[in-house]
Amino acid sequence: MDFKSSDTLTSGAITGPREQDVLPATAAAAVKVVIVGGFGVGKTTMVGSVSEIRPLTTEETMTQAGIGVDDNYGSETKTATTVAMDFGRISVSEELVLYLFGTPGQERFWFLWNGLFEGALGAVVLIDTRRLEVSFDVIGRLEERGVPFIIAVNDFPDAPRHPLDALRTALDLDQHVPIVHCDARQRVSSKDTLMTLMRYLHALAVARA
Amino acid sequence: MTHPLDPLQDGVPDGPDGLSGLDGHDARFQAEVPVRRERRSPENPERLYILTGDDSERAPLDLVTLIVANGDPSPTAQPEQSAVLRLSRTPLSVAELSAYMALPVSVVTVVLTDLLAADLVQARAPVVRSALPDRSLLEAVMHGLQKL
Ligand SMILES: Nc1nc2c(ncn2[C@@H]2O[C@H](COP(=O)(O)OP(=O)(O)O)[C@@H](O)[C@H]2O)c(=O)[nH]1
Ligand SMILES: [Mg+2]
């Protein structure tokens, strides 16, 4: 994504939300859920299938500071990286809005994006049983940060189907972490997946009370 | 509602053979999963940080903080400020502002910090997980999802 120049900003060339994408003035608070998983597991597809708006892309710039290896003086070098994120939105009531973030690219960046996970209600980890291992790292990072998550097996046509307890063992998940099947292309299935996450969060809240 | 802490609530109802939604004649069935996750060792501190300025100079805005303009931009306002004020005549999240303006979130946050200080916009804070034990909020989300 290119930076908009000030010229573009002044000329009013920025297109805001389409008429049907405008939130009511009563919208008072928002919550967010993050959809994670390896490349090609269906994150963008899931965001798009349930979102009421055409999915948008936001970005953040990060710099990596490191001691320059090629640098005889050992001074600090910085490399800037732009991290982009797809997101969608569901108005759950006149007052409350749910945002869904589908995180692309390298997972180590997701967790450095200030506030992306800290404030999230929870996460959906999408997995593809043909390449389970691409989701191992992100599951570990969610556990470390105490972000509650569920597993959604995105059923690709030629992907192997395993008994759920075998999947649970392979992913080394706690007994209470829900595992569901989904088809990220189907709105109903994506909605059911989010419902499972919400029920799980609700049960955690009840258990804590 | 099934109790989600019950492991039996695993999504698709189990088939007669205890497999998830399988009829036992699925060519894709594989009892064994060939890989296994190892718990991560504590991570190395990653020396990455967000580009713009230091956090103390920016208002504590979340990606989903809703921004609402208090009025129209003045003719002398900076272009970025005018753009925010025009876009947020109705509530809009920080993430949406970043998307429509094609600017990184940290840059939008700097613009918003000034607008908030000048009382030109309001910020409606999100409900975040740490403040969560509020079950009624989750119930509201579930109710909304059910209507989809
Ligand atoms: N058969 C099938 N294909 C899917 C499903 N979800 C996503 N896809 C396809 O898989 C590809 C990658 O999906 P995408 O959402 O871009 O993955 P991402 O990298 O995780 O964002 C796309 O071509 C999708 O159409 C699914 O549930 N079933
Ligand atoms: Mg994607």
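In what follows, chains carry the letters A, B, and so on, assigned in the order in which the sequence lines appear, proteins first and then strands, with residues in each chain numbered from 1. Computed over heavy atoms, backbone and side chain alike; hydrogens, waters and symmetry mates excluded. Since this is a predicted model, take the numbers as computed values, not measurements.
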[X] versus chain B, the contacting section by heavy-atom distance below 4.5 Å:
X        : result
A/Glu95  : neither
A/Pro157 : backbone
A/Thr169 : both

- Message: side-chain contact (heavy atoms from CB on, under 4.5 Å), that's the test. Do B/Leu66 and A/Leu23 meet it? Break it down for me.
- Response: CA-CA 10 Å; B/Leu66 296 176; A/Leu23 283 174; 4.1 Å; yes

Heavy-atom pairs under 4.5 Å with chain B - which of [options] has more of them than the others?
options                              : answer
A/Thr26, A/Ile139, A/Leu167, A/Leu98 : A/Ile139
A/Gly140, A/Cys182, A/Ala30          : A/Ala30
A/Leu197, A/Leu171, A/Val22, A/Ile90 : A/Leu171

- Message: Before you tell me yes or no, could you show the steps for B/Arg39 and A/Asp172 under salt bridge (charged side-chain N to carboxylate O under 4.0 Å, His left out), namely the whole-Å CA-CA distance, both residues' side-chain angles and the distance that decides it to 0.1 Å?
- Response: CA-CA 8 Å; B/Arg39 297 264 164 156; A/Asp172 195 10; 2.9 Å; yes

- Task: Please name all residues satisfying ring-ring contact (aromatic ring centres under 6.0 Å, His included) with A/Phe149, sequence neighbours left out, ordered by chain then number.
- Result: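 ring-ring contact (aromatic ring centres under 6.0 Å, His included) list for A/Phe149, sorted by chain: empty.
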
Any non-hydrogen side-chain atom of [X] less than 4.5 Å from a side-chain atom of [Y]?
X        : Y        : result
A/Leu201 : B/Val141 : no
B/Val33  : A/Leu132 : yes
A/Met198 : B/Leu145 : yes
B/Val64  : A/Phe87  : no
A/Val97  : B/Pro91  : no
A/Pro163 : B/Phe29  : yes

Nearest-0.5 Å distance, [atom1] of residue [X] to [atom2] of residue [Y]:
X        : Y        : atom1 : atom2 : result
A/Ser91  : B/Lys147 : OG    : NZ    : 9.5 Å
B/Glu139 : A/Arg199 : CD    : CZ    : 12.5 Å
A/Leu204 : B/Arg135 : CG    : CZ    : 12.0 Å
A/Asp21  : B/Tyr100 : CG    : OH    : 5.0 Å
A/Thr15  : B/Met101 : OG1   : CE    : 12.5 Å

- Message: With side chain to side chain donor-acceptor pair (under 3.5 Å) as the rule and sequence neighbours excluded, what pairs involving residues 87-97 of chain B come up?
- Response: A/Arg89-B/Glu96, A/Tyr99-B/Ser93, A/Tyr99-B/Glu96, B/Asp72-B/Arg89, B/Ser93-B/Glu96

- Task: Check the side chains of B/Ser106 and A/Glu60 for a donor-acceptor pair under 3.5 angstrom, ignoring hydrogens and angles.
- Result: yes

- Task: Between chain A and each of B/Val108, B/Leu61, B/Leu92, B/Leu148, count heavy-atom pairs under 4.5 Å; write down the option with the most.
- Result: B/Leu148

- Please walk me through it: do A/Leu96 and B/Leu137 pass side-chain contact (heavy atoms from CB on, under 4.5 Å)? CA-CA 9 Å; A/Leu96 186 63; B/Leu137 173 94; 3.8 Å; yes

- When you check the gap from the basic side-chain N to the acidic O, do B/Arg37 and A/Glu133 get nearer than 4.0 Å?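 No, B/Arg37 and A/Glu133 are not salt-bridged.
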
